[in-house]
2 protein chains.
Amino acid sequence: MILEMPERIATPQLKYRTAPEVVAEYIRDAIYRNELLPGQQLQQEELALKFGISRIPVRDALRQLQGEGLVDLYPNRGAFVSNPGVEELREVFELRILLETYALKLAVPNFTKQEFELCSSLLTHLESVANRADWSRIDQAFHAALYAPCKQSRTLTLIDNLRGSVNRFYFLYLSPESYGPDCLREHRQILKACQKRDAVAAAGFLEAHLRRSLAEVESVSAVGR
Amino acid sequence: MILEMPERIATPQLKYRTAPEVVAEYIRDAIYRNELLPGQQLQQEELALKFGISRIPVRDALRQLQGEGLVDLYPNRGAFVSNPGVEELREVFELRILLETYALKLAVPNFTKQEFELCSSLLTHLESVANRADWSRIDQAFHAALYAPCKQSRTLTLIDNLRGSVNRFYFLYLSPESYGPDCLREHRQILKACQKRDAVAAAGFLEAHLRRSLAEVESVSAVGR
DNA sequence: GCTTATCAGATTGTATACATGTATACAATA
DNA sequence: TATTGTATACATGTATACAATCTGATAAGC
């Protein structure tokens with residue numbers, strides 16, 4: 001199934017895509033989809049061969065991803081998919097609660113009819129999704145669509161990065177069958193409150209949603225070590 | 001457990017400083033001190049010559065700084081010191097208020113005697129400082145010392161980046177004579193509330209401090225364009 | 001047996017050289 | 001005069017080559 005998604009990266013008048021961008025996007029996507037696992041090493045030569053380029057633009061891409069918190073670079077040792085411990089996961093989730101409820105509260109008064117419809121249609125799509133990768137992508141799109149009306153680009157970028165660096169753990173051990181129903185119900189609660197223009201309620205549901213996610217991540221994360 | 005994860009790298013501490021780090025730190029400092037002005041171009045060759053290295057590690061440093069929001073990179077055009085507009089300044093200040101009051105509230109219960117003394121001594125130093133560069137550095141150190149006891153490294157890094165990307169505007173047109181007294185008084189208010197372990201009051205004073213800073217930045221920023 | 005030393009192979013870091021894109025100045029044209 | 005096209009200089013992007021560093025396995029020492 002092919003879905004039309006809103007363009008994710010706000011490109012400042014870029015006419016074309018540079019090699020480092022292409023590589024960074026590939027790695028970012030692979031990490032989001034858990035095709036590249038936490039702790040896994042990313043070898044420059046291997047990536048360079050895969051894209052038919054030299055290691056220099058690959059290094060640029062890895063630096064970029066380091067800035068987004070997806071990759072850790074150790075001098076003379078290499079690049080590794082970031083693998084935060086439980087405490088760091090908690091820390092990032094608390095930051096997400098802070099920033100995402102903030103963005104949502106700003107967004108609620110600004111929602112247009114089209115923006116509501118986009119959110120609704122994304123939820124409808126979520127119902128019929130069975131595999132992790134698609135769920136992850138559409139879930140991401142739904143949350144992005146929720147916050148987008150706040151119109152604060154730097155805030156949205158920050159939220160994107162924080163989500164990206166921890167959300168993959170939610171999809172690592174769990175299957176859509178297990179988390180699907182809870183997630184969908186919570187998403188609908190949030191959206192409904194937004195449609196009623198009740199920012200405080202929406203933020204409350206969002207916080208509950210995130211705290212439940214954190215609890216699930218914590219429970220499986222403890223097993224993983 | 002189906003998936004086996006590689007062991008986490010145990011050594012995040014860096015024994016030595018790499019060339020890109022040295023260059024990044026130099027540029028970062030120069031931007032903080034307003035020796036490099038907003039909008040100014042950073043040429044790779046020039047920086048490479050200055051440090052006696054090639055452009056490759058310079059490029060690494062610029063990528064790093066891009067991730068911190070201090071530098072904007074335009075493909076085939078070059079690197080420029082970031083020059084946020086008034087709306088972006090407002091946005092970042094709101095984020096700072098959100099994150100810094102959050103960190104401070106977490107920090108207040110954790111303060112040790114030594115940490116209070118560090119804050120006090122930094123304020124004492126601030127009294128006898130007359131030039132912008134020193135003021136900026138010690139002001140930065142005071143705020144960092146305020147939030148450090150929250151012990152959340154990722155949060156602290158985020159705050160540092162946000163401060164760095166906008167705080168320099170506060171020192172761009174104003175002189176210590178003009179902003180010194182207000183700043184010092186507000187800093188003392190905040191610290192005193194912390195010492196009384198009154199987190200809510202401390203956060204309130206901090207927010208007022210930041211809002212006044214924003215107002216000053218806005219007033220001169222409008223002139224600067 | 002356990003720890004430490006050592007060395008080859010592999011991987012990253014950087015310098016150099018070349019390719020490509022961009023900006024400035026000037027000429028050509030309407 | 002204003003606009004468009006073109007040449008040149010310059011800065012950035014990337015490939016290649018080489019140097020520095022790390023890893024892992026084997027050997028030496030206690």
Side-chain angles (χ1 to χ4, degrees), chain A residues 9 11-28 30-31 36-68 70-83, chain B residues 4-27 30-31 36-67 70-83:
Chain A
I9 297 180
T11 52
Q13 81 270 2
L14 289 183
K15 305 157 206 139
Y16 50 87
R17 295 154 52 73
T18 65
E21 270 182 282
V22 173
V23 177
E25 183 164 322
Y26 165 80
I27 299 175
R28 185 168 31 230
I31 294 178
L36 295 173
L37 295 176
Q40 185 171 340
Q41 183 162 14
L42 302 171
Q43 297 209 342
Q44 300 175 1
E45 185 68 35
E46 186 185 327
L47 290 163
L49 279 173
K50 188 183 197 84
F51 289 92
I53 57 179
S54 79
R55 284 162 41 219
I56 301 288
V58 171
R59 291 172 55 81
D60 279 359
L62 292 172
R63 280 272 179 193
Q64 169 87 24
L65 293 167
Q66 182 191 31
E68 299 173 21
L70 279 181
V71 160
D72 292 328
L73 297 183
Y74 301 96
N76 290 310
R77 303 258 314 274
F80 299 80
V81 178
S82 76
N83 190 10
Chain B
E4 184 174 343
M5 291 209 249
E7 256 319 302
R8 185 176 165 72
I9 306 293
T11 58
Q13 32 59 311
L14 300 176
K15 307 147 222 151
Y16 52 88
R17 297 156 53 74
T18 65
E21 269 181 282
V22 173
V23 176
E25 183 164 323
Y26 165 80
I27 299 175
I31 295 177
L36 295 173
L37 295 176
Q40 185 170 342
Q41 183 163 13
L42 302 170
Q43 297 208 343
Q44 300 175 1
E45 186 68 35
E46 187 185 326
L47 290 163
L49 278 174
K50 189 185 194 81
F51 289 93
I53 58 179
S54 79
R55 284 163 40 221
I56 301 289
V58 171
R59 289 172 57 81
D60 279 359
L62 292 172
R63 280 270 180 196
Q64 169 87 23
L65 292 167
Q66 182 190 31
L70 280 180
V71 161
D72 292 328
L73 296 183
Y74 301 98
N76 291 313
R77 301 252 323 270
F80 300 81
V81 178
S82 78
N83 191 10

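The chains referred to below are lettered A, B, ... by the order of the sequence lines, with proteins before strands, and numbering in each begins at 1. Bear in mind that the values here come from a model prediction, so they are computed numbers and not experimental data.
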Is there a side-chain contact between A:Phe51 and A:Val22 (heavy atoms, below 4.5 Å)? yes
If I take atom CG from residue B:Leu42 and atom CG from residue B:Leu65, how far apart are they, to the nearest 0.5 angstrom? 8.5 Å
Are the side chains of A:Val71 and A:Ile31 in touch, meaning some heavy atoms are under 4.5 Å apart? yes
Taking side chain as C-beta onward, heavy atoms only, is A:Ile53 less than 4.5 Å from A:Val23? yes
Scan residues 36-45 of chain B for pairs that pass side chain to side chain donor-acceptor pair (under 3.5 Å), counting only residues two or more places apart or in two chains. B:Gln44-B:Arg55
Mind listing the N/O atom pairs, protein and nucleotides 5-9 of chain C, below 3.5 Å?
none

Is there a side-chain contact between A:Gln64 and B:Gln66 (heavy atoms, below 4.5 Å)? yes
Do A:Ile27 and A:Leu70 touch side chain to side chain, with heavy atoms closer than 4.5 Å? no
Listed partners of A:Asp60 passing side-chain contact (heavy atoms from CB on, under 4.5 Å), at least two apart: A:Pro20, B:Arg59, B:Asp60, B:Arg63
In Å, rounded to the nearest 0.5 Å, how long is the span from CG of B:Leu73 to OG1 of A:Thr18? 10.0 Å
Side chain proximity check, B:Val81 to B:Leu37, heavy atoms < 4.5 angstrom: no
In B/S/- notation, 5' to 3', how is nucleotides 9-17 of chain D contacted by protein heavy atoms closer than 4.0 Å? --SBBBBBB
Fill in the dot-bracket string of DNA chain D, one character per base: . for unpaired, | for a pair to another strand, ( ) or [ ] for pairs within the strand, taking Watson-Crick or G-U pairs under 3.5 Å. ||||||||||||||||||||||||||||||
